[in-house]
2 protein chains.
Amino acid sequence: MEHDKHKEMLKQVMTGMPKDETLAELSELFSVFGDSTRIKILWALSEREMSVCCIAELLKMTQSAISHQLKNLRHAKLISSRREGKTVYYFLADDHVRSIIDQGMEHISE
Amino acid sequence: MEHDKHKEMLKQVMTGMPKDETLAELSELFSVFGDSTRIKILWALSEREMSVCCIAELLKMTQSAISHQLKNLRHAKLISSRREGKTVYYFLADDHVRSIIDQGMEHISE
DNA sequence: TTATCATATGAACAATCGTTCATATGAGGT
DNA sequence: ACCTCATATGAACGATTGTTCATATGATAA
């Protein structure tokens, strides 16, 4: 029957799909990339590690705004930090970050 | 001087950075992936093309909610559609989509 | 200690977002 | 014409988000 084949098909797609929790985690990851301030920060850090005020100066934004966003990025484990005296240097946690950005770039430029 | 080297460094990072418009476009792309409903839809469509009501049934969500999200995905050029009688079938616009998702998946599973 | 510089953080605000509900459009079928 | 099924859409709602402002913490120097 037609209806049975339909249900069969839905079931098949369902079983291939990762569990809700995983997909939620995935969308959370992408939403971190979904803000231009954070993208700029990530890009800057992919060039070299930087202090908070340096990033703020580079992006012409408030130190507070940057600090808040660094918190988000740190929470998503995309960046790490290192303290040297008064200043804190931030850097990319791994190079998945850059490859995700590059993949997105590739999609845009077509 | 120390201060000149700092400005030099900032300038160098700036020149390497894509222009604001591009980064805004990039973050908009990622924010489309930044919602679990949309991720689920994209995943489903990466398995096979599907009608609106089929997606709604699969995700146990309202037809309206799905339709609104399909609009977002279509606007981001991640999906296309094909009409067959009364029903409209949606499918992935290209396979960048799947590779972006896979890249994200790779980051999560570590 | 006190002063200063670098960074972090909490509250408040406007703006954006995803869903729901009601309704509109559009394409058959009778 | 009418009815029905599939899809689209506008308004409204609560929820989340990014920035600002004010203030707190933390580290160094005097």
Side-chain angles (χ1 to χ4, degrees), chain A residues 2-3 6 9-10 20 23-42 44-45 49-76 78-91, chain B residues 2-3 6 9-10 20 23-42 44-45 49-76 78-91:
Chain A
E2 180 59 48
H3 190 256
H6 178 72
M9 186 266 271
L10 283 182
D20 264 40
L23 293 172
E25 204 180 336
L26 188 60
S27 64
E28 275 165 42
L29 173 69
F30 282 123
S31 66
V32 177
F33 288 88
D35 174 80
S36 65
T37 298
R38 287 191 293 265
I39 285 276
K40 285 178 198 171
I41 292 175
L42 290 174
L45 296 184
E49 67 169 16
M50 276 189 189
S51 68
V52 179
C53 69
C54 185
I55 299 171
E57 192 181 341
L58 182 68
L59 305 189
K60 298 190 210 312
M61 288 182 65
T62 313
Q63 173 267 323
S64 180
I66 299 298
S67 200
H68 277 296
Q69 295 295 23
L70 286 170
K71 189 176 174 179
N72 291 330
L73 292 167
R74 198 168 357 104
H75 187 256
L78 298 180
I79 61 176
S80 300
S81 63
R82 165 179 82 80
R83 178 176 278 277
E84 193 172 297
K86 274 178 292 190
T87 91
V88 178
Y89 290 95
Y90 282 89
F91 50 91
Chain B
E2 179 59 47
H3 191 256
H6 179 72
M9 186 265 270
L10 282 183
D20 263 40
L23 294 172
E25 205 180 335
L26 188 59
S27 64
E28 275 165 40
L29 173 68
F30 282 123
S31 66
V32 178
F33 287 88
D35 174 80
S36 65
T37 299
R38 286 192 293 266
I39 285 276
K40 285 177 196 171
I41 293 176
L42 289 174
L45 297 184
E49 68 169 15
M50 277 191 189
S51 68
V52 180
C53 69
C54 185
I55 299 171
E57 193 181 338
L58 182 68
L59 305 189
K60 298 189 209 312
M61 289 183 65
T62 313
Q63 173 269 321
S64 179
I66 299 298
S67 200
H68 278 296
Q69 294 296 21
L70 286 170
K71 189 176 175 179
N72 291 330
L73 292 167
R74 197 167 359 101
H75 186 256
L78 298 180
I79 61 177
S80 299
S81 64
R82 166 178 81 80
R83 177 176 279 277
E84 192 171 298
K86 276 179 290 191
T87 90
V88 178
Y89 291 96
Y90 282 89
F91 50 91

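Letters A, B, ... are given to chains in the order of the sequence lines, protein chains preceding strands, and every chain is numbered from 1. Here the structure is a predicted model, which is why all the values come from computation and not from measurement.
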Can you pull the side-chain hydrogen bond (donor to acceptor under 3.5 Å, both in side chains) pairs that have at least one residue in residues 31-40 of chain B, sequence neighbours excluded?
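Qualifying pairs: A/D20-B/K40, B/R38-B/Q69.
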
In whole angstrom, what separates A/L59's CG from D/dG18's P?
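Answer to the nearest Å: 15 Å.
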
Would you give a per-nucleotide map of nucleotides 7-20 of chain C, 5' to 3', where B means the base has a protein non-hydrogen atom under 4.0 Å away, S means only the sugar-phosphate does, and - means neither?
BBBB-------SSB

Results of side-chain hydrogen bond (donor to acceptor under 3.5 Å, both in side chains) for B/Q63 - residues two or more places apart only:
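Listed in chain order: nothing, the list is empty.
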
Residue pair B/F33 / B/I39: nearest heavy atoms and the distance that separates them:
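Smallest heavy-atom distance, with atoms named: O-CG1, 3.1 Å.
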
Atom CD1 in B/I41, atom CG in B/L58: separation rounded to 0.5 Å?
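The CD1 atom of B/I41 sits 10.0 Å away from the CG atom of B/L58.
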
A/S51 (side chain) donor-acceptor with A/C54 (main chain) under 3.5 angstrom:
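Yes; at least one donor-acceptor contact below 3.5 Å.
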
